[in-house]
2 protein chains.
Amino acid sequence: MSTADRLVESTRELLWERGYTGTSPKAILRRAGAGQGSMYHHFTGKQDLALAAIRRTAAELRAAAEAQLSGPGTAQERVTAYLRRERPVLRGCPIGRLTQDPDVMADPELRAPVEETLDWLRERLAEVLDEGRGSGEFAAALDARATAAALVAALQGGYVLARASGSEAPFDQAVTGVLALLAAHTTDPGT
Amino acid sequence: MSTADRLVESTRELLWERGYTGTSPKAILRRAGAGQGSMYHHFTGKQDLALAAIRRTAAELRAAAEAQLSGPGTAQERVTAYLRRERPVLRGCPIGRLTQDPDVMADPELRAPVEETLDWLRERLAEVLDEGRGSGEFAAALDARATAAALVAALQGGYVLARASGSEAPFDQAVTGVLALLAAHTTDPGT
DNA sequence: GTCTATAGTAGGATAGAC
DNA sequence: GTCTATCCTACTATAGAC
């Protein structure tokens with residue numbers, strides 16, 4: 001892995017652990033095993049490096065979600081697979097956490113990938129729900145957009161509750177709870 | 001308002017806006033219109049001041065929730081009233097946001113009120129749901145704890161989505177979505 | 001490309017005058 | 001109680017040698 005790649009990876013880890021404000025260039029360099037010169041040679045500064053890190057993390061999150069949502073199975077099964085996918089719950093969502101970082105939200109460049117990723121996720125989930133609604137899998141009255149927002153919020157909020165309590169249990173409960181509610185809107189999918 | 005109170009209020013605002021790591025004593029003093037001497041006279045330092053601020057915010061959140069949840073109406077109505085209560089959505093949850101602050105979570109004293117508040121909220125909501133289940137308002141099969149977790153997560157996650165998109169819409173959608181799902185588990189409450 | 005040296009600003013706390 | 005002065009460390013970036 002090149003020095004530039006190591007810098008981006010270290011930045012991704014630290015942004016996840018400590019956020020943008022809580023991450024110093026010095027900490028990044030220490031973790032990457034690089035000197036100041038390397039960083040300022042490959043990137044213009046902390047913001048530029050964070051931008052590369054956030055973009056990569058956003059792309060990964062999107063690809064991981066797409067893998068579940070466009071996989072095999074009914075709409076219900078794909079939604080369930082996505083929500084129930086194994087996650088590092090106590091570490092939280094590497095994109096969602098940036099939402100709490102005032103310096104990220106105040107910078108249009110840093111903010112854009114965060115906004116796009118979460119907006120895309122809601123929209124993509126709504127598509128799958130709509131699919132299931134069209135095929136008679138879900139009740140016709142189901143509001144795909146509102147339900148999609150509720151599902152993504154259950155995940156994001158589940159992370160918050162889990163971190164607060166220091167246990168994965170609340171996350172699992174939130175996912176179980178929202179899926180149980182959704183099941184009431186499910187008609188028998190047939191085969 | 002005393003100087004000590006102004007310091008606590010300024011700290012509450014800044015913790016909400018910028019988090020613990022992103023808030024410096026200097027910024028607190030500027031906002032409170034006080035000098036360094038005042039702060040270190042009334043408090044031992046940043047951590048002590050933050051502790052007072054977090055405790056007060058936690059108490060307020062709890063009182064506000066209790067007002068809705070122990071108010072008049074059916075369980076369904078009280079839950080709806082709590083979820084639909086007017087909120088400063090784009091500012092986020094002043095307690096939930098601390099969950100993303102590594103320095104808060106690493107400090108047992110600062111962390112305790114965050115953990116207690118969110119744990120209490122889930123439990124209190126579960127009680128109301130159980131009440132409604134007992135009175136036949138909700139389906140007997142409803143898992144009160146899981147549903148409570150899903151509802152609180154919808155709020156906390158709704159904040160995240162709203163901040164990401166820069167609009168209150170995703171928050172409202174998440175609340176609408178989860179309440180619509182819950183409605184399917186509702187039997188006619190009668191009178 | 002990478003290193004060390006340097007610099008200016010801010011963070012967090014202490015000391016002592018008033 | 002509050003103020004100013006002071007201290008040490010960290011943050012973020014630049015300069016210039018290798």
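In what follows, every chain begins at residue 1, and chains take the letters A, B, ... in the order their sequences are listed.
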Reckon Thr3(A) has a side-chain N or O less than 4.0 Å from the OP1 or OP2 of dG1(C)? no

Partners meeting side-chain contact (heavy atoms from CB on, under 4.5 Å) with Thr23(A) (sequence neighbours left out): Leu14(A), Leu15(A), Arg18(A), Ile28(A)

Flag, side chain of Lys46(A) to backbone of Tyr20(A), donor-acceptor distance under 3.5 Å: yes

Return the value, rounded to whole Å, for the distance between atom CG of Leu7(A) and atom C1' of dG1(C). 12 Å

Would one find more than 12 heavy atoms of other residues, nucleotides or ligands at under 6.0 Å from atom CZ of Arg145(A)? no

Just how far, in rounded Å, is C1' of dA17(C) from OH of Tyr40(B)? 19 Å

With a 4.0 Å cut-off on N to O distance, would you call Arg56(A) and Glu9(A) a salt bridge? yes

Round to the nearest Å and state the distance from Leu49(A) atom CG to dA13(D) atom P. 10 Å

Got a sec? Which of residues 13-32 of chain A come in under 4.0 Å of DNA chain D, heavy atoms? Thr23(A), Ser24(A), Pro25(A), Lys26(A)

Take the protein atom CG of Asp103(A) and the nucleotide atom C1' of dC11(D), then report the distance between them rounded to whole Å. 13 Å

Measure from CE on Met39(A) to P on dC11(D) and round the result to the nearest Å. 12 Å

Sequence neighbours excluded, every pair satisfying salt bridge (charged side-chain N to carboxylate O under 4.0 Å, His left out) that has a member inside residues 74-97 of chain B: Arg78(B)-Glu131(B)

Length of the line joining Gln47(A):CD and dA13(D):P, which is rounded to integer Å: 9 Å

Between Gln36(B) (CD) and dA10(C) (P), how many Å, whole number? 14 Å

So does Asp101(A) pair up with Arg163(B), basic N to acidic O under 4.0 Å? no

How many whole angstroms separate atom NE2 of His42(B) from atom P of dG1(D)? 7 Å

